[in-house]
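Notes to accompany the following structure.
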Amino acid sequence: MKQFGLSSKERIKSKNEFDLVYSAGEILFSSSQKFKAVFFIQRESEPSGIKTAFAVSRKSGIAVWRNRIKRLLRESYRLNKKEICSEAVIKKMRVFIVFSPNTINQKNSRKILLKEVMPEVNDLMNKIRTRL
RNA sequence: GAUUCGUGUUGAGCAGUUGUCCCCGAUUAUUAUCGGGGGAGGAAAGUCCGAACUCCGCAGAACGAAGUGCCGGGUAACUCCCGGGGUGCUGAUUUAUUUGGUACACGGAAAGUGCCACAGAAAAAAUACUUCCUGUUGAUGGCGGGCUAAGCCCACCAAAGGCGGGUAAAGGUGAAAUGGCAGGGUAAGAGCCUACCGCUUCAAUAGUAAUAUUGAAGGCAGGGCAAACCCCACUUGGUGCAAGGUCAAGCAGAAGGUUUCCCGAGUAUAUUCUCGGGACAAGGUUGUUCGCCUUGAACUCCUUCGGGUAGACCGCUGGAUCCCGAAAGUAAUUUCGGGACAAGAUAAAUAACUGCUGCCCUCGACUUCACUCGGGGGGACAGAAUUCGGCUUACAGACACGGAUCAUUU
RNA sequence: GCGGGAGUAACUCAGUUGGCUAGAGUCACAGCCUUCCAAGCUGUUGGUCGCGGGUUCGAGUCCCGUCUCCCGCU
């Protein structure tokens, strides 16, 4: 497995898994309330690992803006996923995480940069690690 | 050279690191790794039109509904494009004229129905009303005469009003008023007559046509609204890739509905079996009806309720395709020749970051400006989802062409 | 992706076949009533009829374009 990669096997793609996360999962907010993460932990299961997805509501902006938010969220997770992945494998759990923007939308921040998104995502990942 | 408008083209480049979707190849052997190649737009947007393609329906006809609407051409087709005509607005110029720009849903109001508030005599029927002119009557008034004065009588003049006739010119209100203006004419007036302008009809000429020009005739027929109903001509069946098809996996079925009858033939026989015809019934018929089709019985048809799956593949990208050149045509466009292959995802890839160059803005330094150096900031609108042709809307900057205005030089 | 619907006062809605100054209730403000408050009564304020064009003498209404919001279809 690549150190900084994010292949299709590490992403949530089926409708069943999404239903599981949204019906049984918990919600966490970042410190500035701009982003949120919905996650669900399955203990003592094989194969272990983490699967993620990045969801943006249609109401928060136009297609170009929504695509950029998803790319920045994915980039932030991809570059920092190493520690949380290894911890999940050691504890033998399957973890599903969905990252989404919460209060942020196209009207209040038309331009957004990676250095604004990265600390927020790190904050969310650290909060999830304490729950493992 | 500057500003502004219109049309067209374009929509920063190079390098590095990390990542992702598709295809090809190799290794490995069912899980990956490595290498190579490709990976958003002029609007991909809005979904406003038109098609391809799909399934459903379909012998056909009538009715309905929707759309389009000057003429000709282009196109697979069009609420599109090109060319021409007409009307309105506007500019230039001139003796007359001629011409540029721009907008137009631009068939029909002497087939019918409806509406036209307020104001106004009247809003579509042309008549009534007022006024005007005139005949008659004449309250009353004036002047004159007669009888002695008051008063009465006679004649004449003026005249409110009444009754009858003529006329539709005038009525100033309105968005819109029954051809306009001038002259004649008349009791007053009137296309009643005449000239000019406008209108209608017919003919000739030019043009494929819309239409234009010229001539003759008619003395004028008639308001507006059809983006009100409508009439005329033309076009259109419905459905949209979440269409539709194949495979895999998976569960559980239940209730209800329906009419048969008659005639003929076949075989030894026929209420019973088979075939054909007719009647009747039920169902289907994707706008409605006629008609058409299926069935005459049920594990199989129809209706209602309930249960399961939501994975893979095809459709899927080579096409009314794009580029270059030549020819035809005023043009839209077409034909011929040569060349190219250019995303195909599905919780949805096409990216993120850094550096340099180039463009624009701003601040600072020698400092009056320019040049130069350094710091900071900006770089639009916007993201394929079956595919094409248009339309509409959004858009920083750059380039080319054309028009207008201003300044300078020759 | 495809197909439908809506937009009128701060809020909830009317507005007929195009016609006179676009109405009703709630809210707000002022006055009356009450010792005071509430309730009640009277009056007032508040509108780019989402936006831009067109047809018409005249448009909230008819037509075209556009913006925003809502709903349905596996």
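Letters A, B, ... are given to chains in the order of the sequence lines, protein chains preceding strands, and every chain is numbered from 1. Atom set for the values below is all heavy atoms of this structure, side chains included, hydrogens, waters and symmetry mates excluded. A quick note: this is a predicted structure, and the numbers were derived from the prediction, not measured.
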Seminar exercise, completed: Between Leu113(A) and Gln106(A), the residue closer to the 5' end of RNA chain B by nearest nucleotide is Leu113(A)

Exercise. Would you say a side-chain N or O of Lys111(A) is under 4.0 Å from OP1 or OP2 of rG379(B)?
Worked result: yes

Problem set entry | Touch class at under 4.0 angstrom, heavy-atom based, for Lys70(A) against every strand present | nothing

For this session: Go through the steps to decide whether Glu17(A) and Lys51(A) satisfy the test side chain to side chain contact (heavy atoms under 4.5 Å, CB included), and finish with yes or no.
Result: CA-CA 10 Å; Glu17(A) 291 168 339; Lys51(A) 296 179 93 170; 3.1 Å; yes

Exercise. rG364(B) and rA380(B): how far apart are their C1' atoms, nearest whole angstrom?
Worked result: 30 Å

For this session: Using the aromatic ring of Phe4(A) (for Trp, its six-membered ring), decide whether it stacks on the base of rG19(B) within the limits of 5.5 Å and 30°.
Result: no

Exercise. Taking OP1 and OP2 of rU20(B), is either one under 4.0 Å from a side-chain nitrogen or oxygen of Arg71(A)?
Worked result: no

Problem set entry | Chi-based syn or anti call at rG101(B), which uses purine or pyrimidine torsion atoms and a 90° bound | anti

Exercise. Counting only Watson-Crick or G-U wobble pairs whose two distances fall under 3.5 Å, which nucleotide matches rU31(B)?
Worked result: none

Exercise. When you match Ser8(A) and Ile62(A) each to their closest nucleotide on RNA chain B, which lands nearer the 5' end?
Worked result: Ser8(A)

Problem set entry | Flag, side chain of Ser60(A) to backbone of Val56(A), donor-acceptor distance under 3.5 Å | no

Seminar exercise, completed: From CZ of Arg58(A) across to P of rC69(C) the rounded distance in Å is 12 Å

Exercise. For the pair made of CG in Leu114(A) and C1' in rU18(B), what is the distance, rounded to whole Å?
Worked result: 12 Å

For this session: Could you tell me whether the side chain of Thr52(A) and the main chain of Ile97(A) form a donor-acceptor pair under 3.5 Å?
Result: no

Seminar exercise, completed: rG19(C) -> Watson-Crick or G-U wobble partner, both distances under 3.5 Å, gives rC57(C)

Exercise. When you check the phosphate oxygens OP1 and OP2 of rU20(B), does a side-chain N or O of Arg11(A) lie under 4.0 Å from one of them?
Worked result: no

For this session: For rA347(B), take OP1 and OP2 only and decide whether either is under 4.0 Å from a side-chain N or O of Lys51(A).
Result: no

Exercise. How about Tyr22(A) and Ile27(A): do any of their side-chain heavy atoms sit closer than 4.5 Å?
Worked result: no

Exercise. What nucleic acid atoms does Ala53(A) come within less than 4.0 Å of, heavy atoms only: base, sugar-phosphate, or nothing?
Worked result: nothing

Exercise. Does a side-chain N or O from Arg74(A) land closer than 4.0 Å to OP1 or OP2 of rC21(B), or not?
Worked result: no

Problem set entry | Whole-angstrom distance between rA345(B) and rG38(B), as gauged at atom C1' | 15 Å

Exercise. What's the CZ-C1' distance between Arg66(A) and rA351(B), to the nearest Å?
Worked result: 17 Å

